[in-house]
Amino acid sequence: MSEDFKYNVDSDGVAFITWDVEGKSMNVMSREGFELLDTLMDKALADEAVKGIIITSAKKDFAGGMDLNVLGAIREEAGDNPAEGLFNFTMEGHRVLRKIERAGMEAKTNKGGKPVAWASPGTSAGIGTEIGLACHRRFVADNPKAKIGLPEILVGIFPGAGGTTRLVRMMGAMAASPLLLEGKMLAPAKSKAAGVIDEVVPADELLARAKDWVLNASHDDIIKPWDKKGYKMPGGAPYSPAGFMTYVGASAMVHAKTQGVYPAAKALLAAVYEGALVDFDTALKIEARWFTSVLMNPSSSAMIRSLFINKQALEKGAVRPDVPDQSVKKLGILGAGMMGAGIAYVAARAGIEVVLIDQTLEAAEKGKAHVEDILNKGVQRKKVSAEKAQEIAGRVLATTDYEALQGSDLVVEAVFEDVGVKADVTRRAEAQLGEEAIFATNTSTLPITELAKASRSAEDFIGIHFFSPVDKMLLVEIIKGRKTGPRAVAKALDFVRQIRKTPIVVNDARFFYANRCIIPYINEGLRMVHEGVYPAMIENGAKQLGFPLGPLQLNDETSIDLGVKIAKATKAAMGDSYDDSADEVLFKLFDEGRLGRKSKAGFYNYDEKGKRQGFWEGLRENWPPKDDQPDFMDVKHRLAMIQTLEAVRALEEGVLEDIREGDVGAILGWGFMPWSGGPFSWLDILGAGKAVEICDDLKARYGARFEAPALLREMAEKGESFYGRFGADSNAA
Ligand code: NAD
């Protein structure tokens with residue numbers, strides 16, 4: 001029997017149903033928990049001594065949401081008919097929340113019933129908020145860290161426990177859309193202004209205020225607007241002039257944002273629209289049907305697996321070696337440029353003392369000024385208080401003095417991408433460090449094993465590869481050199497946990513994992529330009545696959561000169577086996593001085609302010625569009641497959657040790673088709689057989705780079721899937 005909720009009735013006849021899942025810092029809804037909530041509601045409604053009910057939490061927050069593993073379990077239990085199992089489960093959820101909402105009222109007359117208040121001490125997400133929406137009045141403590149919302153869409157589903165139907169009926173489709181379609185979580189005051197909650201109260205008065213309301217609520221207060229006669233949908237029903245504008249507009253907006261590749265966004269919109277045409281209980285049923293349809297879509301299971309279950313597992317140390325805690329207390333950073341300053345910011349924000357070193361005091365202070373700039377923006381946007389910002393900036397010491405590194409337990413080097421410069425700073429820093437300290441490099445292209453040669457201990461040397469801009473990018477790639485030891489890996493992982501990012505751990509090989517996949521993606525775009533494929537077709541192909549940036553725009557952002565540098569270095573390293581078919585386009589832009597966004601000229605034109613305009617006319621002049629343009633699907637397959645094959649090769653070669661890291665890293669690192677769950681999940685959706693077919697076809701027409709790796713071919717022959725073969729905990733080949 002679950003004990004997730006406690007029950008007690010006070011001397012004034014108010015029943016408290018208090019959520020407090022044992023052994024967890026955040027409440028998460030399990031099936032047993034839900035059954036218990038149902039039982040306790042029955043108990044409170046049946047007890048004549050109970051005048052009203054308060055649903056609250058004994059923790060600092062209300063809830064993190066549903067345990068999404070439950071959905072997988074239900075699907076499995078349902079055997080041959082998973083859709084039926086999922087639909088019944090969803091309808092059961094509606095029954096319980098509708099019970100809270102009706103609170104014992106007679107169906108036709110609305111007579112009877114008891115007031116039910118929701119009292120949240122802090123954050124509430126997903127099912128937590130949906131419980132709140134079913135209650136008659138919502139109180140949230142004035143907790144600066146609290147956020148209230150329904151973020152389901154971010155993991156590929158949508159609020160399916162009545163949250164969609166209730167929110168739209170409370171505030172109208174237009175007002176509900178940022179919450180439902182973008183999964184926006186709001187601070188208490190904003191949540192109240194939006195009409196999601198009713199009252200923001202001092203934390204120490206939360207229960208007293210809720211109780212006061214419960215004991216004084218009128219009968220009218222507890223009947224939801226949609227259960228009263230003459231209810232009208234705020235913002236207008238679909239077949240009204242305002243409603244027509246809303247739904248047609250929303251449909252176009254959603255399509256523009258999602259390119260139609262996210263089944264959850266479409267299903268959500270359908271549930272909202274169809275639900276708005278019928279009575280409340282039918283709308284819940286429609287919501288359940290669309291929710292089931294989304295859960296049955298392989299894209300949703302893949303997104304849940306990568307973006308929720310596996311992302312969390314990696315953050316909690318799924319691949320961490322078993323060594324004692326290695327949390328960082330004092331961090332040294334060498335090089336206060338774009339990356340060094342970004343790393344200083346995220347570390348100081350996490351409470352770590354930072355020494356930021358550069359060649360001149362001016363350069364070091366410029367790095368610190370960058371930290372302060374980010375903080376000031378945060379203050380302006382009310383994301384952080386002025387005092388807190390000052391406290392964070394106060395943790396960063398900008399200096400040229402290597403002695404200041406003494407006592408650091410981790411040093412991250414982010415100086416120029418040059419072996420000699422890196423070796424020099426490694427030696428100078430290590431001369432100041434205690435034996436326990438770990439040395440890390442943020443290099444994006446140089447082999448870790450080579451750089452480790454400058455270190456006093458290759459065992460304590462590791463790659464910690466951040467992405468730019470450091471404050472925004474969620475992924476950190478940790479790279480083991482050939483001799484890197486477990487304590488260095490644990491240190492890097494503990495550091496990434498402290499700064500609240502998601503880590504993947506890979507082995508040392510050219511371009512590690514992320515860049516290994518991104519570079520071929522950019523190059524495939526360049527090749528198509530060279531072949532005379534319309535640039536718009538290339539960019540739109542990428543966007544319609546769900547990539548945030550097309551390969552040409554991405555090249556403008558990362559800069560053409562960096563591309564040239566990488567191309568030259570790769571050619572030097574690979575010799576004859578180097579494929580130079582992308583270089584003509586790249587080098588032409590470089591020669592023209594079109595270095596990308598930073599020079600306000602690249603594949604695109606930019607205006608004075610740096611705003612991106614249309615394509616550079618020179619593309620058409622230098623590489624005229626060919627008459628027989630390829631099939632659009634061809635373009636998409638080339639862009640998606642070229643990087644996916646690189647991910648498979650990384651697995652085959654042991655650069656990746658775990659496909660979960662390959663999938664999570666691809667989505668968080670470079671926005672790889674999030675709807676697919678990542679490259680390995682995408683191949684599983686396609687099926688290895690189909691994937692090999694696509695590769696064979698592309699190879700025949702475009703070249704050997706599309707050769708299906710032996711591993712994929714073997715899997716196609718055996719009818720295997722990646723998650724079947726390399727599933728959750730098993731290591732790769
Ligand atoms: P940057 O040019 O902005 O910064 C480098 C800084 O290092 C400069 O401030 C420079 O003065 C300082 N520096 C150079 N030699 C030094 C020395 N001997 N001692 C102390 N400081 C010295 O470069 P960046 O973009 O921040 O890149 C730094 C490192 O991070 C490189 O290894 C790069 O490959 C890697 N990296 C860059 C990105 C990116 O997107 N820019 C992404 C991941 C990794």
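In listed order, ligands and their atoms are each counted from 1.
Other residues, nucleotides and ligands contribute at most 12 non-hydrogen atoms within 6.0 Å of the CD atom of Gln390. Dense packing is recorded around NZ of Lys598, with more than 12 heavy atoms of other residues, nucleotides or ligands lying under 6.0 Å away.
For ligand 1, the 4.0 Å heavy-atom shell takes in Gly335, Ala336, Gly337, Met338, Met339, Asp358, Gln359, Tyr402, Ala414, Val415, Phe416, Glu417, Val421, Lys422, Val425, Asn442, Thr443, Ser444, His465, Phe466, Ser468, ordered by chain and residue number.
The list of ring-ring contact (aromatic ring centres under 6.0 Å, His included) pairs with a residue in residues 538-564, not counting sequence neighbours, reads Tyr521-Phe547, Phe547-Phe672. Each ring-ring contact (aromatic ring centres under 6.0 Å, His included) pair with one or both residues in residues 411-431, not counting sequence neighbours, would appear here, but there are none.
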For residues 333-346, which side-chain donor-acceptor pairs fall under 3.5 Å, sequence neighbours excluded?
none

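Trp670 has its ring centre less than 6.0 Å from the ring centre of Tyr513.
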